[in-house]
Amino acid sequence: MKREMLTWGLKADQLVAFLDHSGFDVLVCKTHKELREEYLTENNLDASLVVGENIVVATISQ
């Protein structure tokens with residue numbers, strides 16, 4: 001969503017430890033730079049991506 005209110009955040013180097021402590025195993029973590037390189041094409045290279053926002057795929061620790 002655009003103009004989404006952010007109420008808290010973590011530094012990138014704190015993310016895996018936070019999720020591990022919360023009972024998750026990180027499978028993939030992508031930065032805005034990695035997402036831009038992997039998914040944007042010449043048709044949408046000017047798309048806005050939130051700088052500092054990461055996308056994480058994780059599973060619940062067993």
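Nothing here was measured: the structure is a model prediction, and the numbers come from that model.
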Please list every donor-acceptor pair under 3.5 Å in which a side-chain atom of residues 40-47 meets a protein atom from a residue at least two apart or in another chain.
residue : atom : partner : partner atom : Å
T41     : OG1  : N43     : N            : 3.3
T41     : OG1  : N44     : OD1          : 3.4
N44     : OD1  : T41     : N            : 2.6

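For residues 51-60, no residue pair satisfies the side-chain hydrogen bond (donor to acceptor under 3.5 Å, both in side chains) rule, not counting sequence neighbours.
Here the OH-CD1 distance, from Y39 to I55, works out to 10.0 Å after rounding to the nearest 0.5 Å.
Other members of the hydrophobic cluster containing L15, listed by chain and number, are W8, L10, V16, F18, L19, F24, V26, V56, I60; membership follows side-chain contacts under 4.5 Å among ILVMFWY residues, whether direct or relayed.
Judged by distance alone, the side chain of E37 and the main-chain N or O of E34 form no donor-acceptor pair under 3.5 Å.
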